Amino acid sequence: MRNGHCDLALRVFDAMPLRNSVSYNAMISGYLRNAKFSLARHLFDRMPHKDLFSWNLMLTGFVRNRRLRDARVLFDSMPEKDVVSWNAMLSGYVRSGHVEEAREVFDKMPLKNSISWNGLLSAYVQSGRLEEARRLFESKSDWELISWNCLMGGYVKRNMLGDASSWNIMISGYCQSSDITQARNLFDMMPQRDSVSWAAIIAGYAQNGHYEEAMNMLVEMKRDGESLNRSTFCSALSTCADIAALELGKQVHGQVVKTGYENGCLVGNALVGMYCKCGCIDEAYDVFEGIQHKDVVSWNTMLAGYARHGFGRQALTVFESMIAAGVKPDEISMVGVLSACSHTGLTDRGTEYFHSMNKDYGITPNSKHYTCMIDLLGRAGRLEEAQNLVRNMPFEPDAATWGALLGASRIHGNIELGEKAAEMVFKMEPHNSGMYVLLSNLYAASGRWVDVGKMRLKMREVGVEKTPGYSWVEVHNKIHTFTVGDCFHPEKGRIYAFLEELDLKMKREGYVSSTKLVLHDVVEEEKKHMLKYHSEKLAVAFGILTIPDGRPIRVMKNLRVCEDCHNAIKHISRIVGRLIIVRDSHRFHHFSDGICSCGDYW
DNA sequence: ATAGGGTTAG
């Protein structure tokens with residue numbers, strides 16, 4: 001049963017001359033483990049003498065299958081309940097975000113253990129109610145200390161305090177609400193860290209853009225004697241993905257193989273994600289194929305990977321295979337599908353998916369799906385339809401919605417619509433510098449230099465700045481940072497010599513950089529500088545990347561960048577195959593075939 | 001058998 005041989009187990013079960021509740025329970029638990037829910041239920045219903053174990057098994061079965069109502073009915077009809085039953089019911093409410101009901105169950109429980117406390121704690125954390133979580137967290141340690149002190153004395157007290165779970169919940173809670181300082185405080189304060197704590201804090205740093213700190217913590221962790229396991233591998237790989245640190249990611253991959261986690265789902269997913277974000281789509285697919293039990297996340301990661309690389313059709317093929325494999329797509333899958341269609345120009349097919357996703361897969365379009373659709377219609381020049389969608393959508397349009405409309409206006413040179421959309425974005429996100437640049441480019445493309453000047457003034461008034469671009473390239477596991485006209489890098493002599501040479505090669509290959517949208521109103525001198533800067537960035541990314549691999553330098557020919565993304569080029573971080581990876585102040589963007597797949601507009 | 005963390009889009 002444990003190895004997934006349900007049929008074999010059933011044959012044994014049927015052949016048994018005598019069956020007690022243990023045999024039934026084993027069979028039921030096996031069915032549940034192998035996701036054969038209805039078979040489990042069937043057997044449970046026919047069971048002559050159910051013991052507490054069987055009831056609990058079935059209850060957790062309902063809870064795991066998100067059938068809260070059924071779970072409640074079963075729970076209420078149980079002849080007797082123990083702490084496991086109560087906790088299972090509690091976790092049902094927690095998983096589905098019913099905080100009040102969770103609280104009610106918690107209060108009614110005749111006996112609570114640490115699982116109950118942590119369950120309620122994570123209910124608060126998941127719904128963003130950190131204050132309440134904090135209060136509960138603090139009262140929990142009091143409660144434990146007092147009761148365990150009274151009951152059993154010092155040994156157990158130490159044990160309970162050493163339990164890192166509730167600390168970990170709080171740490172990840174603060175990380176998710178971007179309060180990394182508070183998270184770090186708890187991390188430093190906690191009496192005993194485990195691998196989960198490390199994974200949480202590292203992921204926290206990475207998710208909030210503190211990549212260096214995340215890497216430092218990874219080193220700290222090893223120094224602390226914590227070895228890499230499933231959780232920390234995941235954090236490490238996801239950090240590598242975020243900073244496009246391919247070399248390091250490959251090394252971690254090596255470690256993963258050594259420890260035998262390679263074909264596991266979670267680590268496998270992280271690996272696929274890392275290779276996708278670092279531009280190695282083929283390697284990503286290899287790992288993907290090797291994952292033994294693919295879950296929704298595995299499929300979603302691969303799907304989004306193809307979409308991001310501009311391989312829209314492959315992305316859709318992955319989606320269809322996912323359906324064929326019997327995996328139910330979720331909201332994220334549909335975001336992937338729609339963005340794949342959008343970036344590949346499959347307008348009609350995307351529209352079909354959008355309209356049938358509810359009927360086919362029971363997924364109601366959320367605001368992200370609407371934004372994808374607006375983007376899809378907008379790129380295809382169907383601005384009228386895009387506007388209608390904004391008007392009729394069942395959500396208040398947010399900054400992303402207006403951003404998509406602004407992007408579409410920019411592509412199709414519709415100033416009136418662009419101004420309208422921009423006005424809304426500026427109201428909602430006055431410091432989103434990309435949007436100012438986008439509108440400014442829209443003016444520039446129509447030769448309205450006065451308005452371009454006004455934009456610049458406005459940016460200064462509001463206090464937004466385009467963050468200076470810098471490249472961040474990895475050579476032999478060392479991360480090098482470059483800025484414009486860098487004069488600090490120890491290898492600068494060699495690099496600049498190489499740049500000159502590359503510059504020549506680029507010209508020989510026929511690369512002409514477009515001046516159309518490069519800082520419109522700047523004086524000629526500055527313009528030249530910017531252009532030089534631009535090619536410098538490309539060259540550094542290109543050059544450094546090719547040196548360690550020893551691969552020949554393939555210059556510019558297949559590098560096409562749409563005008564919208566032109567500004568972004570200043571931040572180029574690396575170029576891999578057909579993929580260009582660009583860094584702004586917060587994260588990395590991926591471009592291919594001149595299309596930015598991230599949905600952020602420049 | 002029940003909790004926590006780590007993986008996916010934007």
Side-chain angles (χ1 to χ4, degrees), chain A residues 25 28-29 32-33 52-61 63-64 81-92 94-95 112-123 125-126 163-173 175 194-204 206-207 228-239 241 261 264-274 276-277 291 295-305 307-308 330-340 366-369 371-372 375 398-400 403-404 587 589 597-600:
Chain A
N25 289 340
I28 292 176
S29 127
L32 290 173
R33 204 196 303 267
L52 184 57
F53 197 96
S54 346
W55 283 96
N56 282 343
L57 262 181
M58 207 55 224
L59 181 64
T60 54
V63 166
R64 267 206 295 266
K81 303 179 183 82
D82 64 357
V83 68
V84 174
S85 339
W86 283 94
N87 281 342
M89 197 62 237
L90 175 69
S91 96
V94 174
R95 278 162 195 253
K112 303 175 188 29
N113 61 16
S114 68
I115 294 181
S116 335
W117 286 87
N118 289 335
L120 187 63
L121 194 61
S122 63
V125 164
Q126 276 163 32
D163 170 39
S165 304
S166 47
W167 292 85
N168 295 341
I169 300 172
M170 290 306 292
I171 289 173
S172 81
C175 287
D194 62 9
S195 66
V196 176
S197 328
W198 284 102
I201 196 78
I202 292 169
Q207 280 155 14
L228 284 163
N229 61 17
R230 251 183 214 83
S231 335
T232 40
F233 269 134
C234 284
S235 281
L237 285 167
S238 135
T239 310
Y261 291 125
C265 186
L266 263 136
V267 177
N269 293 347
L271 272 172
V272 175
M274 188 275 292
C276 282
K277 286 195 180 156
I291 300 177
D295 66 356
V296 203
V297 177
S298 328
W299 291 97
N300 286 353
T301 310
M302 202 60 234
L303 167 60
R308 159 185 290 133
D330 63 6
E331 302 179 323
I332 296 176
S333 331
M334 295 317 293
V335 171
V337 167
L338 293 177
S339 74
N366 63 24
S367 66
K368 303 240 161 67
H369 300 122
T371 305
C372 282
D375 184 57
D398 58 9
R587 61 177 136 149
H589 299 258
S597 63
C598 68
D600 267 12

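Lettering of chains follows the sequences in order, A, B, ..., and the numbering in each one begins at 1. None of the values given here were measured: they were computed from a predicted structure.
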Nearest-nucleotide pick for K277(A), side chain only, options being dG6(B), dA1(B), dT8(B): dT8(B)
D194(A) (side chain) and dG4(B) (base): donor-acceptor pair under 3.5 Å: yes
Closest nucleotide among dA3(B), dG6(B), dG5(B) to the S231(A) side chain: dG5(B)
Nearest-neighbour nucleotide for the S114(A) side chain, dA3(B), dG6(B), dA9(B) considered: dA3(B)
dT8(B) phosphate, OP1 or OP2, under 4.0 Å from Q207(A) side-chain N/O: no
Donor-acceptor pair (no angle test) under 3.5 Å: S235(A) side chain, dG6(B) base: no
Atom pair CG (L271(A)) and CG (L237(A)), whose distance is rounded to the nearest 0.5 Å: 5.0 Å
Contact under 4.0 Å: S238(A) side-chain N or O vs dT7(B) OP1/OP2: yes
Touch class at under 4.0 angstrom, heavy-atom based, for A304(A) against every strand present: sugar-phosphate
Separation of L57(A) CG from L52(A) CG (nearest 0.5 Å): 10.0 Å
Heavy-atom donor-acceptor pair, N269(A) side chain to V272(A) backbone, under 3.5 Å: no
Minimum-distance nucleotide (side-chain atoms of V335(A) versus dA9(B), dT2(B), dG5(B)): dA9(B)
Interatomic distance where NZ belongs to K81(A) and C1' belongs to dT2(B) [whole Å]: 15 Å
Short side-chain N/O contact from R308(A) to OP1 or OP2 of dT8(B), under 4.0 Å: no
Minimum-distance nucleotide (side-chain atoms of K368(A) versus dA1(B), dG10(B), dG5(B)): dG10(B)
Touch class at under 4.0 angstrom, heavy-atom based, for I169(A) against every strand present: sugar-phosphate
Rounded distance (Å) that lies between atom C1' of dT8(B) and atom CG of L237(A): 14 Å
Distance, rounded to the nearest Å, where I202(A) contributes CD1 and dG6(B) contributes C1': 10 Å
Check: N366(A) side chain, H369(A) main-chain N or O, donor-acceptor pair, under 3.5 Å: yes
Short side-chain N/O contact from S91(A) to OP1 or OP2 of dA3(B), under 4.0 Å: yes
dA3(B) phosphate, OP1 or OP2, under 4.0 Å from R95(A) side-chain N/O: yes
Length of the CG-C1' vector between N25(A) and dA1(B), whole Å: 10 Å
Touch class at under 4.0 angstrom, heavy-atom based, for D295(A) against every strand present: nothing
Interatomic distance where CD belongs to E331(A) and P belongs to dT8(B) [whole Å]: 17 Å
By side-chain contact (heavy atoms from CB on, under 4.5 Å) - contacts of Y261(A) (at least two apart): N229(A), R230(A), F233(A), V256(A), T259(A), V267(A)
Separation of dA1(B) P from M89(A) CE (nearest whole Å): 20 Å
Nucleotide of dA3(B), dT7(B), dG5(B) approaching N269(A) most closely (side-chain heavy atoms): dT7(B)
Length of the CH2-P vector between W167(A) and dG4(B), whole Å: 19 Å
Test item: N168(A) side-chain N/O and I171(A) main-chain N/O as donor-acceptor pair under 3.5 Å: no
Length of the CG-C1' vector between D398(A) and dG10(B), whole Å: 10 Å
